[in-house]
Amino acid sequence: MRKTLVLAALSAALLCGGANAQQINVKIGVLTDMASLYADDTGPGSVAAAKLAAQDFMKDHKNFKVEVVSADHQNKPDVATGIASKWFDVDNVDMITDVPTSSVALALMQVGAQKNKALIYSGPGSSDITGSKCNANTVHWTYDTWMLANGTGKAIVKNGGDSWFFITADYAFGHALERDTAAVVEANGGKVLGKVRAPINTSDFSSFLLQAQQSKAKIIGLANAGGDTINAIKQGAEFGIVASGQKFAGLLIFAPDIQALGLKAAQGLMFTETFYWDMNDGTRAWTKRWDKERNAPGKLPSMNMAGVYSGTLAYLEAVAAVGSTKDGKAVVDKMKTMTFKDPLFGTTTVRADGRGIHPAYLFEVKKPEESKYPGDLYKLRATIPANEAFRPLKDGGCSLVSG
Amino acid sequence: MTERVVDPLTHSQSAWRTRSETIAFAIMVAALVVAPFITYPLFVMQAMCFALFACAFNLLIGYVGLLSFGHALYFGWASYVAAHAAKVWGLTPELAILTGTLTAVACGVIAGSLAIRRQGIYFAMTTLAFAQMMYFVALRVKFTGGEDGIQGVPRGHLFGLIDLRGESAMYVVVLIIFLAGFLLIYRIIHSPFGEVLKAIRENETRAISLGYKTDRYKLLAFVLSAGLAGLAGSTKAILLQIASLTDVNWPMSGEVVLMSLVGGLGTIFGPIVGSFVILAMEYKLAFLGEWVLVIQGVIFVACVLLFRRGIIGEIANWLRIRL
Amino acid sequence: MFTIFGVPSAALFGQLLIGLINGSFYALLSLGLAVIFGMLNIINFTHGAQYMLGALAAYLLLQYTGLGYWPSLIFAPIVVGLLGIVIERFFLQWLYKLDHLYGLLLTFGLALIIEGVSRHYFGTAGLPYALPDSLQGGHNLGFMFLPNYRVWVIVASATVCFSTWFVIERTRIGAYLRAATENPTLVRAFGINVPRMITLTYGFGAALAAFAGVMAAPIYNVSPNMGSELIIVVFAVVVIGGMGSILGAIITGFALGVVEGLTKVFFPEASSTVVFVIMAIVLLVRPSGLFGRRA
């Protein structure tokens, strides 16, 4: 314990001195899921994205030395808390990013606040992170469940999908996704005809799909994630769901999941994301670089990974403006005053509640015959401007928002 | 169990046998006292909780011969109750831990009285069935917080006086709890009750023919094991300030088996060494990402094929002492 | 149509049919495990990984050799069966004289290794595998739409299950095998190569798991984690059926599918738990399982 104190004192002295001195050292920790449910949506791809951000930043800021470390939190809150505490206390990590799985992310927010470090989330979905559980050390990039529910739900209802049946993963996250989307559907003139709750990690959805078919709802909303969503859609193709006129709405789905499904099963699927690798030249160029760094041919970057790049870059720019990493809250406060531009998300600003906002897009999965090259998966159906895509500031219940 | 530490010593050397254990105990205490100054204290405290859990599990398998596949049930539910007691009911940490432990004891009585009727793989499967049922209950019941778990559990003030937020105070508390639990297990093993347990493991029919009500002995051992696992879980909840689904899920049960196996099934100090080794590996190798699970698999295979006695077991065998 | 407990009968029949189909899949999946435990007294935790390897092999055969579904049904089990033989020769054979526990731990460790390595090369989101063209589409039965592939599942599972049972329980070679596990020394005295039979039996069990994997590939997500999700349920099926009994596993598989199907209609949230509740009840009432021979 004495050694920790000495180390802490030394680092503090170094960092204090660093404000005016030449070299600023920043250590970024990518805490992610390397082996299970979200490993393809985050995992090593996020680490590659963070490394690119570090490289790009150091190119323009010669007095910075940015190091990236990573670890697997295995989707377990206690493993994550242990690693984060050690990173912050012993290894001089200044900021932790990514952190998929909302339960882990929420647990980590306490650690970040206690030790006054910065958390730049790109992986988790819960809108509570910038809502009832918000704190001053956390910034939430890329997406959240409110944005997904609103983007997908509203757009689909406006497109004619006004009767819904939900297949929901039976745990808190699934319920929240279903609840938020149902509210949006009903607010926009649609009707929820029924719902069924399936245990998480169900392999066989035939029984639930049968119920969905019998409800005759136009849209089958999938309030689940990962393997559950993929299985539901794959088996839906088998049962002729799309062929007989019903459509699926994926409420939490990413590009790697579409790859896993294949276009034949996934065609027509509609969902909202904030990044697609093939949107413009900027995203395409970045994806090429990401591909080289990631070194796993055939994989596509998800919006989470893009968010790690964008969020990390934004954090570093704020550090440059503040002059040191010592006070996590100060850096986050600085981020809330800046405007960030990058080729992946366009323009991003950070609100008082920690919510990073950027435009969202409604995509539809192409039919197999419409896809011209590997990775050509989506067509753009609508663009939602940044200030409409996310929950209004006053509605979140965040204590940081005055009034 | 057909493979345990080979004991070449006879009764007459029992005094010497105990001395080696005393020396080992002294070394362990010394190491634990010095540890926080050498490595990260939070890691040592976490390891001690798991060590207690592994020792509790090992009591059943090593000394009664019953393999429980669902020990996470007691560990996890005790941690939920302790977390809830500290956070929502505002109990002081020692009362919260006590409440959690009593919960585990209650669960142990219920599950044990049903599972004890069977042996071997059927006993293991019954314990697994109960654990999985309680996992799904934990997933859905509101009080557990679902997949978020119970977060922000306050460390509180011990006896209303000592603030446990300081690492040193917490460390002393965890160390005392661990040593108390360990000594209790030691006392159980080296007692007439413990001798009957070993007799049951060797040959239950003969023990029954000698007049022992073996079911009662097994149940008591089961409940003690569950209670101590609960003590470990409750302490962990206060320490890490979180109780989550990972604590009740079957990989947690599997992990405690791994810790005991690596350390040495049926030895007293084995599970402690095993839990420190496994936990250290998870921390140190966390950067390897998905390879950690592969390495765990390799360790399983290697231990089963080559190091069946585990670390402590091999040392004890080599030194021809009992540990 | 009439309603039962608020559910229209048409829906109920549909769910029962689906339950039966799923049951046949459970039976097929449990078969390999039951064979290995029943014949060899090994608790094969690698079963889930072998199932996954079957599906993975089907994907790889399609990707790299263009071999489709039907050839994969033959080749994938052969490949995984050979791997099973390797596992038995190099790892398992040293553990026969020891407690069951060690076999379980070893196979558990092997499963971790196989799944971990597969995850490294293939990720976790899953790999695409489509329904074979000859089995696409389905028929509208009035109360539900029945995909052709599901009909194939029930036919194939039933055939494989009952052929295996027949070979083991009713043929000479099956008799040799059963005798060899009960009294290996005596059977060896008759000149039968017992170790080879054991090796081949383990390989056969692994091949059965892989066969189930290929059957699953078009409808379930092909991912390195697919085995670990199902393995606990499969264990429960085998335990309920009776750990020595092949027929027990088959019948329990079918029955469980139906029970689970009904649960999904009336109380869907409990459909994962119901198998463990049943397992606990069965173990308490009939400890050796419904059809088991040993207590």
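Basis for what follows: all heavy atoms, side chains included, without hydrogens, waters or symmetry-related copies. Letters A, B, ... mirror the listed sequences (proteins, then strands); counts begin at 1. Remember, it's a predicted structure, so these values are computed and weren't measured experimentally.
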S.K.: At a heavy-atom separation under 4.5 Å, does A:A265 approach chain C through its side chain, its backbone, both, or neither?
M.R.: neither

S.K.: Considering all heavy atoms of both residues, which atom of A:K264 and which atom of C:A130 are nearest to each other, and what is their separation?
M.R.: NZ-CB, 4.5 Å

S.K.: Please classify the contact of C:I21 with chain A as side chain, backbone, both or neither, using a heavy-atom distance under 4.5 Å.
M.R.: neither

S.K.: Please look at C:N221 and chain A and tell me whether the side chain, the backbone, both or neither of the residue comes under 4.5 angstrom of a heavy atom of that chain.
M.R.: both

S.K.: What residue, out of A:A39, A:S207, A:P199, has the most heavy-atom pairs lying under 4.5 Å from chain C?
M.R.: A:S207

S.K.: Search all heavy atoms of A:F239 against all heavy atoms of C:F145 and return the closest pair with its distance.
M.R.: O-CD2, 3.2 Å

S.K.: Out of C:L146, C:T124, C:N148, which one racks up the most heavy-atom pairs below 4.5 Å with chain A?
M.R.: C:T124

S.K.: Would you find more than 12 non-hydrogen atoms of other residues, nucleotides or ligands less than 6.0 Å from A:K379 atom NZ?
M.R.: yes

S.K.: Are A:F208 and C:P268 side-chain neighbours, meaning at least one heavy-atom pair lies under 4.5 Å?
M.R.: yes

S.K.: Against chain A, label C:P224 side chain, backbone, both or neither, depending on which of its atoms sit under 4.5 Å from a heavy atom there.
M.R.: neither

S.K.: Say whether, by atom type as modelled, one donor and one acceptor occur between the side chain of A:K234 and the main chain of C:I219 under 3.5 angstrom.
M.R.: no

S.K.: Name the member of A:D170, A:L210, A:L261, A:I233 that forms the most heavy-atom pairs with chain C at distances under 4.5 Å.
M.R.: A:L210

S.K.: Show the nearest heavy-atom pair for residues C:L131 and A:E238, with the distance to one decimal.
M.R.: CD1-CG, 3.7 Å

S.K.: Under 4.5 Å heavy-atom distance to chain C, tell me which part of A:I230 shows up: side chain, backbone, both or neither.
M.R.: side chain

S.K.: Does some side-chain heavy atom of A:M34 sit less than 4.5 Å from a side-chain heavy atom of C:R119?
M.R.: no

S.K.: Is A:N231 close to C:M226 at the side-chain level, that is, under 4.5 Å between some pair of heavy atoms?
M.R.: no

S.K.: With a 4.5 angstrom heavy-atom cut-off, which part of A:Q214 approaches chain C: side chain, backbone, both or neither?
M.R.: side chain

S.K.: side-chain contact (heavy atoms from CB on, under 4.5 Å) for A:D204 and C:K264? Distances and angles first, verdict last.
M.R.: CA-CA 11 Å; A:D204 190 271; C:K264 280 185 180 171; 4.3 Å; yes

S.K.: In terms of heavy-atom proximity below 4.5 Å to chain A, should C:F122 be classed as side chain, backbone, both, or neither?
M.R.: backbone

S.K.: Tell me the closest heavy-atom pair linking A:S206 and C:I18, and the distance in Å.
M.R.: OG-CG2, 3.4 Å

S.K.: Identify which part of C:V233 has an atom lying under 4.5 Å from any heavy atom of chain A, answering side chain, backbone, both or neither.
M.R.: neither

S.K.: Using a cut-off of 6.0 Å, state whether more than 12 heavy atoms not belonging to A:K195 lie near its atom NZ.
M.R.: no

S.K.: Roughly how far, to the nearest 0.5 Å, is the CZ atom of A:F205 from the OH atom of C:Y220?
M.R.: 10.5 Å

S.K.: Tell me, side chain or backbone of C:E115 under 4.5 Å from chain A's heavy atoms, or both, or neither?
M.R.: neither

